[in-house]
Amino acid sequence: MRIAVGLGKQSGEERLERQGVSRRDFMKFCTAVAVTMGMGPAFADDVAAALTGRRPNVVYLHTAECTGCSEALLRMYKPYIDSLILDTISLDYQETIMAAAGHAAEEALEEAVNSPQGFICMVEGAIPTGMDGKYGYVGGKTMYDICKDILPKSKLNLAIGTCACYGGIQAAKPNPTEAVGVGEAYADMGVKVINIAGCPPNPINMVGTIVAYLNGIDIKLDELGRPLMFYGQTVHDRCERRKHFDAGEFAPSFNSEEARKGWCLYDLGCKGPQTYNNCPAVLFNQTNWPVGAGSPCIGCSEPGFWDDMTPFYKN
Ligand code: SF4
Ligand code: F3S
């Protein structure tokens, strides 16, 4: 059983056009991905080729999470994620959006995992390890056991969102379920995981990582397992309010003229200097990002941010 149904000999671009995604929008998106990857606009054709070539099989597992990362993906604006992602990857199993349920869903997962072409595995959510994993079950199996079975068989493992990367809010003190990130949960089995951090992560960073993998690019990671091409600089490094930080101009309150004029939000709790992500450059939905909208960065792509970055706001 497939969620994204194959469309015979149609090319990837024909499939997208059928879904109402114009070539112009598609190439604009590919250019954004190429630039975000640090490869320059000329790499857009390679991005397009990767996204319209043979669709990689993807298994997307949900563990302990709020489904906010999936929501961020599904709310992605132009081109719409259902048109782009669901038509350019073969999403064989995704509990939030798949029509199948019960035994049919389990069969879909079994079929995808045993596909001769192999598959990419994405995990959204932390892994509860306390009480032998009994805090989280799907279909009668613990989340811990499901991932333990599937991750070693995958060609590429992506942890989607800060919960999957480092435990997120599930791992906040006192962490009653002993939740940990995917990489930590299976490190002793030698399972390798790339962390696409953020609460939620930017979908472009996820797509860019898949494109890099499909193009055989060596994905260099920081010491926290995040691709350096997306997480190599702090939010502060690229923030549009940075000139005010450097000039010592700090907004005194959220509802101040200075905040509206774009002064720095450091005194209001901004964690941009301690946080590695490309939000100011990439934006969400190619529209805006937290600091651009007047909120401090709360450090959402760092491990332990629920404990270490609080209070998020000062006023
Ligand atoms: Fe840095 Fe935050 Fe100020 Fe931007 S608003 S310059 S990220 S401290
Ligand atoms: Fe998160 Fe800070 Fe970006 S809160 S979304 S890393 S601006």
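As the structure lists them, so they are numbered: ligands from 1, and atoms in each ligand from 1. Numbers here simply count residues along the sequence, with the first being 1.
- How far NE2 of H236 is from CG of D246: 6.5 Å, rounded to the nearest 0.5 Å.
- The closest approach between a heavy atom of G299 and any atom of ligand 2 is below 4.0 Å.
- Interface of V291 with ligand 1, defined as ligand atoms under 4.0 Å from a residue heavy atom, comprises 5 (S).
- Of all protein heavy atoms, the one closest to atom 3 (Fe) of ligand 1 is C264 SG, 2.4 Å.
- Ligand-side atoms of ligand 2 in range of T275: 6 (S), range being under 4.0 angstrom from any heavy atom.
- At least one N, O or S atom of C239 sits under 2.8 Å from atom 4 (Fe) of ligand 1.
- Among protein heavy atoms, the minimum distance from atom 1 (Fe) of ligand 1 is reached at H236 ND1, 2.2 Å.
- The atoms of ligand 1 that sit less than 4.0 Å from any heavy atom of R242 are 6 (S).
- Annotation for ligand 2: atoms under 4.0 Å from non-hydrogen atoms of I298 are 4 (S).
- For the atom pair OG1 of T67 and NE2 of H62, the computed distance is 6.0 Å after rounding to the nearest 0.5 Å.
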TODO: Under the side-chain hydrogen bond (donor to acceptor under 3.5 Å, both in side chains) rule, what do N205 and N278 come out as? Steps first, then yes or no, please.
DONE: CA-CA 9 Å; N205 295 347; N278 56 6; 2.9 Å; yes
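- Within the 4.0 Å heavy-atom shell around ligand 2 one finds P290.
- A donor-acceptor distance shorter than 3.5 angstrom exists from the side chain of T162 to the backbone of G198, with no hydrogens or angles considered.
- Between the CD1 atom in I194 and the SG atom in C165 there is a gap of 11.0 Å [rounded to 0.5 Å].
- By the criterion of side-chain heavy atoms lying less than 4.5 angstrom apart, applied directly or through intervening Ile, Leu, Val, Met, Phe, Trp or Tyr residues, Y144 is not grouped with Y166; the two fall into different hydrophobic clusters.
- Heavy-atom proximity to W289, at under 4.0 Å, picks out these atoms of ligand 2: 7 (S).
- Here the side chain of T275 pairs no donor or acceptor atom with the backbone of V235 at under 3.5 angstrom.
- Taking the six-membered ring for Trp and the full ring otherwise, the centers of F312 and W306 sit less than 6.0 Å from each other.
- Among all non-hydrogen protein atoms, the one lying nearest atom 5 (S) of ligand 1 is L265 N, 3.3 Å.
- A salt bridge links R260 with E257; the closest basic N to acidic carboxylate O contact falls under 4.0 Å.
- The main-chain N or O of Q233 is never found under 3.5 Å from a side-chain atom of D237 such that the two would form a donor-acceptor pair.
- Of all atoms in ligand 2, numbered sequentially from 1 with element shown, those under 4.0 Å from a heavy atom of C300 are 1 (Fe), 4 (S), 5 (S), 6 (S).
- Ion pair R226/D222 flagged as a salt bridge, since at least one NZ, NE, NH1 or NH2 atom sits closer than 4.0 Å to an Asp/Glu carboxylate oxygen.
- Interface of F284 with ligand 2, defined as ligand atoms under 4.0 Å from a residue heavy atom, comprises 5 (S).
- Between the CG atom in N57 and the CD atom in Q117 there is a gap of 6.0 Å [rounded to 0.5 Å].
- Closest to atom 2 (Fe) of ligand 1, if we only count protein heavy atoms, is C270 SG, 2.3 Å.
- Residue S301 approaches ligand 2 through these ligand atoms, each under 4.0 Å from one of its heavy atoms: 6 (S).
- Counting the atoms of ligand 1 from 1 in the order shown, those under 4.0 Å from a heavy atom of G272 are 7 (S).
- For atom 2 (Fe) of ligand 2, the nearest non-hydrogen atom from the set C279, P280, C297 comes from C297.
- Taking a cut-off of under 4.0 Å to the non-hydrogen atoms of Y266, the atoms of ligand 1 that pass are 8 (S).
- For the pair V291 and ligand 2, no heavy-atom separation below 4.0 Å is found.
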